[in-house]
Amino acid sequence: MLKTFLCNFSNNISRSFHTSQCLNEVRLLSRLRVVDNSDIGKRAMAEGKPPKIICVYNKQRVGLIGDRVLVAIKGQKKKGILVGLKQTQKTKVPKFDSNNVVLIDDNGTPLGTRIHVPIPTILRTILKERTHAKGADYTKLLGIATRFV
């Protein structure tokens, strides 16, 4: 009697257990990898506590290459630019192994002085059209990049 109960119980558990597909898109609370040499980014990555997204500044709330994001890192809120994503991209845009971010100030100046990974060349056109004369200057981010893909 007990054996049949346990058998039926295990069958019911296995039927109610669902697995979902892994999302490769950047959304709220997604973990990122800081790829510049800013102090706060280096400390967070060394301690194994990568930054998480608080807000994506676009209408869809799903981050794409070149989007600004607000991240929580080491108990602080910092802004960043997405420079490499895991999700499937448009044609001629490379797909990366991790979600990469470069930390910036409010005026668009990068916190670090060097970017360690190659960034996509499409980022040049995206950041140039988002730069305003009186607003943030995102082209400084292109100046500290050493390699382009």
Walk me through it: do Ile115 and Val102 pass the test side chain to side chain contact (heavy atoms under 4.5 Å, CB included)? CA-CA 8 Å; Ile115 297 177; Val102 174; 3.8 Å; yes
Please report the C-alpha distance between Val35 and Arg33 in whole Å, then the side-chain angles of each, then the deciding distance to 0.1 Å, and finally whether the side chain to side chain contact (heavy atoms under 4.5 Å, CB included) criterion is met. CA-CA 6 Å; Val35 293; Arg33 190 178 105 185; 3.8 Å; yes
For side chain to side chain contact (heavy atoms under 4.5 Å, CB included), just list the numbers for Arg68 and Ile81, CA-CA rounded to whole Å, side-chain angles, deciding distance to a tenth of an Å, and then say yes or no. CA-CA 5 Å; Arg68 279 189 323 137; Ile81 299 277; 3.6 Å; yes
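Note: Ile65 CD1 to Asn99 CG = 10.0 Å, rounded to the nearest 0.5 Å. Lys140 NZ to Thr109 OG1: the interatomic distance, rounded to the nearest 0.5 Å, is 3.5 Å. In this structure, CG on Leu127 lies 6.0 Å from CG on Leu141, to the nearest 0.5 angstrom. Here NZ of Lys128 is found 11.0 Å from CG of Leu123. Values are rounded to the nearest 0.5 Å. Atom-to-atom distance recorded for Arg31:CZ and Lys49:NZ is 12.0 Å, nearest 0.5 angstrom. Note that NE2 of His116 is 7.0 Å distant from NZ of Lys42, once rounded to the nearest 0.5 Å.
Under the 4.5 Å side-chain contact rule for hydrophobic residues, Ile144 and Ile119 share a cluster. Residues Leu111 and Val69 share a single hydrophobic cluster, defined by chaining ILVMFWY side chains whose heavy atoms lie under 4.5 Å apart. Transitive grouping of hydrophobic side chains (ILVMFWY, heavy atoms separated by less than 4.5 Å) brings Leu85 and Val93 into a common cluster. Residues Val71 and Phe96 are members of separate hydrophobic clusters, defined by side-chain heavy-atom contacts under 4.5 angstrom among Ile, Leu, Val, Met, Phe, Trp and Tyr. Residue Val34 is grouped with residue Val117 when hydrophobic side chains (ILVMFWY) are merged at heavy-atom distances under 4.5 angstrom, including chains of intermediate members.
The backbone N or O of Val56 lies less than 3.5 Å from a partner atom in the side chain of Arg61, making a donor-acceptor pair.
Taking all atoms of both residues into account, the shortest heavy-atom contact from Phe148 to Thr121 is CB-CG2, 3.7 Å. In plain terms, the two heavy atoms of Gly112 and Asp36 that are nearest each other are N-OD2, 3.7 Å. Of all non-hydrogen atoms in Arg124 and Leu142, the two that sit nearest each other are CA-CD1, 3.8 Å. Lys74 approaches Arg43 most closely through the heavy-atom pair CE-NH1, 4.0 Å. When all heavy atoms of Tyr57 and Leu70 are compared, the closest pair comes out as OH-CB, 3.7 Å. Residues Pro94 and Val149 share a closest heavy-atom pair of CG-CG1, 4.0 Å.
Each of Leu103, Leu82, Asn100, Ile73 was checked for a side-chain contact (heavy atoms from CB on, under 4.5 Å) with Leu32, and the lone residue meeting it is Leu82.
Annotation: side chain of Met45 is in contact with side chain of Pro50 (closest heavy-atom distance under 4.5 Å).
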